[in-house]
Peer 1: 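Mind looking over this structure? Questions follow.
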Amino acid sequence: MSFIKNTMVEAEKTEYSMADDAAYLAQRLCEFDRLENPVWVWDFDSTCILWCNDSALTVWQADSKEQLMRRNMGSDMSPSVSKRLNQYQTDFGKNKTVKFREVWTVYPNGKPKTLNVVYSALWLSNGRLCMLCDSSVEKAMDADTLRSAEALLHTSVQISLFSSSGVPLYRNPAARNNALGGDNTLEEHFADSDLLRQLNDLEQDEIEAITSVNTVNGVVWHDITARRCLDAVSGEAAWLISEVDVSRLKATEERAQFFADHDILTKLPNRSYVSNYFQKQIDEVLDEGKSGYLVFLDLDNFKYVNDSLGHDAGDQLLVEVASRLKSIASSDNSVARLGGDEFLLLLCPTDNENQFEETLRNILGVVSLPVILHGRELQVTPSVGVASFPYNGTKIAELMRHADLAMYHAKETGKNDFAFFSKDLSDVVDSKMNLVSELRFALKSGQFETYYQPRVCVESNSIVGAEALARWNHPTRGVVLPDTFIPVCEESGLIAELGKLIFTQAVIAQRIWAEKGNDIRVSVNLSPLQFNEESLVDDLLKIVDQHGGNPKKIELEITESVLMGHDECTIEKLHRLVQCGFEIAIDDFGTGYSSLAYLHRYPISCLKIDKSFINQMDSAKPIIELIVSMAKLFKLYIVAEGVETRYQLDLLQSYECEEYQGYLFHKPVVFDSFVTLLSGSADKAA
Ligand code: C2E
Ligand code: CA
Ligand code: CA
């Protein structure tokens, strides 16, 4: 510690007269000259010693009082000393009779001298506050005691001693600096009374806690260690408390917690908050014997806003919807954003069903009010699903699932509406889930079989190819058609495996036909999901290789939806497939969105006109004519699907359509029957 160095600087004159003050003191304190203890008066304002007795001259190593009084001790005082002196000044201001006993080390001429000093306030006649320092030289203090006493004075850790009843016995300067009042009890110190109860109740000798405390700076967070000990003076039980201010850490932690369970864009609680806290709110309502509703809200066509106006506009819309929902909800913590355009509301409790439907209509109305985005007025409607507790479940996960199902039902039945969860809705889902596990088993146990439908030359009426079509030989239901299982396979991802199975069987069939002298083309359907698989090309080539197939005799049927993105990846993949020898056909042509004008961008060789056009041949005539003439322009061949009548076939012939497929020639059949068809095909053509 460098309390005071031996610097001889003329003290600066202030508006008061130091000489007058010194003379006043000399007169008043001259009796103290006889004392053996060094005594001096510290002037806070001038940072000088204003008066001292003779013994103090030895302590401060000064030749005369005048010389000592001229030393400006403030010029190179360390900040911690200066802070401590300010603290004394404040303490005296609050309590005129307070005294402090402390061990101080001073450094006159650089040599440390340790003193026991009692500090008390001393007021001059003109009202100025000074400090009377009454010292005794510390003789037998060992180095460790000395240093620990020093450390206690200087540390920023707040250390205090309280009697077991909570009365303050000692506070180090850091603790005094923060204490709300010098004689504040432990009870007044802790803002959180629970900790005090713990101190009193528990048999523990030490308690560590982060707790809120009352200080001069208001309520702040302290990391506290409270330890049972004995007061060294009275020998009675006491608490030694050490405290560190962790308010900033706590604030950072709270911010981190906020972002962990709130959505950054809308500041609403997020999914993680919902799973933790919505359950608590639901439990409370149920404990009171009441009921409530979980409301799942999803915006209709939100993707359109994002795609057409950009993500910024999408974000703005979400923020607006969030604030509208907040205005309806009972509290900020009962509306959450689950992600994307999905919101969740907890509405409870309600005693009147009609009143609740009113609330739902209100939600629909408020959310669908027009919004101005990028200068354009836009109306976005929501679809809302409701699950009630306890009737549709009591656990948040189950209620969310049920409200979500109801919301999908509202979407399916026309959007901009609400729907309540019902058992029927979950039965549909359950049966779908059962179907998925049945399909998984069917794949493993070989219940799928490939059927072949002839593709026939319009001109010669002979078989020129076959389309491979999946069939499920169900153990109890018999042969099941693809419409029942393909969509479920696509939803569940099973389509990848099923697609490969059908492709493999088709490759083998094609090779066997070729070996028997009928080297015809086989076409296989590729689901968009399958097409998008990264390993598609490699997987197909591997199968062809394994079974000695010929890619030139294999056509892959893709749907228009695959081409919709117009992205480079799709085009590149198609080119790779064509380079391997495969031909590409567009299935169900005319039902999707692809424009004829774009067809030349893709390496395709065949268009299959959807059977819906063939079905209504007369009204669809202009479209068929257009498709045929465009196809000719791009050198694509045309296959008409679903030809059932001679009339249809005659018309196709007049359009110079190359191939057809349909019940008129034959339904899809098993492999063996197809072989029979092949052998008879020549006769039929004749
Ligand atoms: P698609 O590719 O358009 O197949 C033609 C569908 O039309 C077949 O139905 C076929 O039986 C039917 N069809 C053929 N001629 C006629 C006719 O004259 N009249 C009528 N009304 N229908 C006719 P299927 O076999 O029930 O297949 C339905 C759909 O399931 C297929 O439509 C295809 O999209 C899908 N699919 C079938 N097998 C597979 C497969 O292995 N993989 C994939 N991804 N999809 C498949
Ligand atoms: Ca097809
Ligand atoms: Ca088709």
Side-chain angles (χ1 to χ4, degrees), residues 439 442-443 447-456 458 463 465-474 477-510 521-533 536 539-540 543 554-562 582-592 604-617 638-649 651-652 659-671 673-674 677:
L439 282 170
L443 267 168
Q447 293 176 13
F448 284 101
E449 185 178 3
T450 307
Y451 275 46
Y452 300 90
Q453 183 176 39
R455 263 169 63 166
V456 187
V458 171
I463 299 176
E467 177 174 5
L469 295 159
R471 294 290 182 267
W472 179 11
N473 293 320
H474 193 278
R477 280 189 268 161
V479 178
V480 179
L481 291 176
D483 292 345
T484 317
F485 59 84
I486 293 283
V488 182
C489 282
E490 280 177 333
E491 259 176 60
S492 61
L494 288 174
I495 193 70
E497 203 180 330
L498 177 67
K500 267 185 221 163
L501 177 80
I502 303 298
F503 183 78
T504 309
Q505 293 184 355
V507 168
I508 296 171
Q510 200 285 325
R521 190 194 306 115
V522 70
S523 55
V524 186
N525 296 286
L526 279 193
S527 121
L529 230 100
Q530 219 183 332
F531 183 86
N532 287 331
E533 274 188 4
L536 174 83
D539 289 349
L540 296 188
I543 294 171
I554 300 168
E555 186 179 72
L556 303 170
E557 297 189 5
I558 59 171
T559 54
E560 287 171 275
S561 65
V562 169
F582 297 113
E583 288 200 344
I584 311 288
I586 313 251
D587 205 358
D588 307 338
F589 191 79
T591 57
I604 49 180
S605 46
C606 169
L607 293 185
K608 298 186 78 176
I609 303 178
D610 190 66
K611 55 177 176 278
S612 59
F613 296 116
I614 308 301
N615 223 345
Q616 302 157 11
M617 200 81 175
I638 301 275
V639 181
E641 291 189 303
V643 178
E644 294 182 354
T645 64
R646 186 73 224 182
Y647 171 69
Q648 290 165 344
L649 184 61
L651 274 179
L652 289 169
E659 285 179 34
Y660 79 96
Q661 205 180 316
Y663 295 170
L664 177 66
F665 190 90
H666 219 285
K667 285 193 169 189
V669 288
V670 295
F671 176 80
S673 313
F674 189 81
L677 279 180

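Both ligands and their constituent atoms are indexed starting at 1 by order of listing. Sequential numbering from 1 along the given sequence is applied to the chain's residues.
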Peer 1: Just let me know how L664 lines up against ligand 1, side chain, backbone, both or neither, with a heavy-atom cut-off below 4.0 Å.
Peer 2: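 None of L664 does.
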
Peer 1: Looking only at N/O atoms, are Y663 and ligand 1 under 3.5 Å apart anywhere?
Peer 2: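 Yes, since at least one N or O of Y663 sits under 3.5 Å from an N or O of ligand 1.
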
Peer 1: Need the ligand 1 atom indices (1-based, order shown) with element for anything under 4.0 Å from a heavy-atom of R471.
Peer 2: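 Answer for ligand 1: 11 (O), 24 (P), 25 (O).
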
Peer 1: Using a 4.0 Å heavy-atom cut-off, say whether K611 meets ligand 1 through its side chain, its backbone, both or neither.
Peer 2: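 Within the 4.0 Å criterion, K611 contacts ligand 1 through side-chain atoms alone.
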
Peer 1: Testing the basics here: between Q661 and R455, what is the closest heavy-atom pair and its distance to 0.1 Å?
Peer 2: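 That closest heavy-atom pairing would be OE1-CG, 3.4 Å.
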
Peer 1: Given K608, which of E555, E659, E557, E560 fulfils the salt bridge (Lys or Arg N to Asp or Glu O under 4.0 Å) condition?
Peer 2: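 Only one of E555, E659, E557, E560 forms a salt bridge (Lys or Arg N to Asp or Glu O under 4.0 Å) with K608, namely E557.
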
Peer 1: Mark the output for E490 as yes if a heavy-atom distance to ligand 1 is under 4.0 Å, and as no if none is.
Peer 2: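 E490: no contact with ligand 1 (<4.0 Å).
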
Peer 1: Would you verify whether the NZ or CZ of K500 falls within 45 degrees of the ring axis of F503 while also being under 6.0 Å from that six-membered ring's centre?
Peer 2: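 Judged by the rule, K500 and F503 form no cation-pi pair.
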
Peer 1: Measuring from I558:CD1 to S527:OG, what's the distance to the nearest 0.5 Å?
Peer 2: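 With rounding to 0.5 Å, CD1 (I558) is 11.5 Å from OG (S527).
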
Peer 1: Do any of the N, O or S atoms of E641 sit under 3.0 Å from the Ca ion (ligand 2)?
Peer 2: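 Coordinating: no.
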
Peer 1: Below a 4.0 angstrom heavy-atom separation, can you tell me which part of V524, side chain or backbone, both or neither, approaches ligand 1?
Peer 2: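 Within the 4.0 Å criterion, V524 makes no contact with ligand 1.
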
Peer 1: Quick one: which ligand 1 atoms are inside 4.0 Å of a heavy atom on E644?
Peer 2: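 With E644 as reference, the close atoms of ligand 1 come out as 17 (C), 18 (O), 19 (N), 20 (C), 21 (N).
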
Peer 1: Side chain or backbone of V643 under 4.0 Å from ligand 1, or both, or neither, by non-hydrogen atoms?
Peer 2: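 The answer is the backbone.
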
Peer 1: Of the choices L481, N525, V480, which has the non-hydrogen atom that lies closest to atom 33 (C) of ligand 1?
Peer 2: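 It is N525 whose heavy atom sits nearest to atom 33 (C) of ligand 1.
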
Peer 1: Just checking: N525, one of its N/O/S atoms, less than 3.0 Å away from the Ca ion (ligand 2), yes or no?
Peer 2: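 Yes, N525 qualifies, because one of its backbone or side-chain N, O or S atoms lies under 3.0 Å.
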
Peer 1: Measure the acute angle between the ring planes of Y452 and F671, then classify it against the limits of 30° and 60° as parallel, tilted or perpendicular.
Peer 2: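 Rings of Y452 and F671: perpendicular, over 60°.
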
Peer 1: Which N/O/S atom belongs to D587 and is the closest one to the Ca ion (ligand 2)?
Peer 2: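 The closest N, O or S atom of D587 to the Ca ion (ligand 2) is OD2.
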
Peer 1: With carbon and hydrogen excluded and only N/O/S kept, which atom of E467 is nearest the Ca ion (ligand 2)?
Peer 2: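 So the atom name we want here is OE2.
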
Peer 1: Write down the atom of L529, the atom of E490, and the distance for their closest heavy-atom approach.
Peer 2: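 That would be CD2-O, 3.9 Å.
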
Peer 1: Should you measure from each heavy atom of D483, which atoms of ligand 1 turn up under 4.0 Å away?
Peer 2: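 The atoms of ligand 1 under 4.0 Å from a heavy atom of D483 are 28 (C).
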
Peer 1: If the cut-off is 4.0 Å to any non-hydrogen atom of P668, which atoms of ligand 1 fall inside it?
Peer 2: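 Here the atoms of ligand 1 in question are 11 (O).
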
Peer 1: What are the two closest non-hydrogen atoms of Y451 and P668, and how far apart are they?
Peer 2: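 The pair with the smallest heavy-atom distance is CD2-O, 3.6 Å.
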
Peer 1: Just so I know, are the side chains of F448 and L439 near enough to count as touching, which here means a heavy-atom distance under 4.5 Å?
Peer 2: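 F448 vs L439: side chains touch.
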
Peer 1: Identify which of A470, S523, S612, G662 has a heavy atom lying nearest to atom 38 (N) of ligand 1.
Peer 2: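 It is A470 that holds the nearest heavy atom.
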
Peer 1: With a 4.0 Å heavy-atom cut-off (strictly under), which part of I502 contacts ligand 1: side chain, backbone, both or neither?
Peer 2: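 Side chain only.
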
Peer 1: Strictly distance-based, threshold 3.5 Å: is any side-chain N or O of Q530 a donor or acceptor partner for the main-chain N or O of L526?
Peer 2: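 Here the side-chain-to-backbone pair does not exist.
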
Peer 1: Is there side-chain contact between I614 and Y660, with at least one heavy-atom pair below 4.5 Å?
Peer 2: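 A side-chain contact under 4.5 Å is absent here.
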
Peer 1: Specify side chain, backbone, both or neither for I486, according to which of its non-hydrogen atoms lie closer than 4.0 Å to ligand 1.
Peer 2: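 The answer is the side chain.
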
Peer 1: For ligand 1, note which part of S527 has a heavy atom under 4.0 Å away: side chain, backbone, both or neither.
Peer 2: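 Both backbone and side chain.
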
Peer 1: Can you find a pair of side-chain heavy atoms, one from N525 and one from L469, that are under 4.5 Å apart?
Peer 2: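 Yes - at least one pair of side-chain heavy atoms lies under 4.5 Å apart.
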
Peer 1: Might you point out which heavy atoms bring V643 and L649 nearest each other, and give the distance in Å?
Peer 2: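 The answer is CG1-N, 4.1 Å.
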
Peer 1: What's the atom name of the N, O or S in E557 nearest to the Ca ion (ligand 2)?
Peer 2: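 Output for this pair reads OE1.
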
Peer 1: Out of all atoms in ligand 1, which are within 4.0 Å of some heavy atom of D588? Include the element for each.
Peer 2: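 The atoms of ligand 1 under 4.0 Å from a heavy atom of D588 are 3 (O).
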
Peer 1: May I ask you to list the atoms of ligand 1 that are less than 4.0 angstrom from any heavy atom of Q453?
Peer 2: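 Under 4.0 Å from Q453, ligand 1 has these atoms: 14 (C), 15 (N).
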
Peer 1: Just to be sure I read this right, does ligand 1 sit under 4.0 Å from the backbone of K667, its side chain, both, or neither, counting only heavy atoms?
Peer 2: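 Neither part.
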
Peer 1: Report the distance from atom OG1 of T450 to atom CD1 of I508, rounding to the nearest 0.5 Å.
Peer 2: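 With rounding to 0.5 Å, OG1 (T450) is 9.0 Å from CD1 (I508).
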
Peer 1: Side-chain contact, heavy-atom cut-off 4.5 Å: I486 with L498?
Peer 2: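 Contact flag for I486/L498 side chains = yes.
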
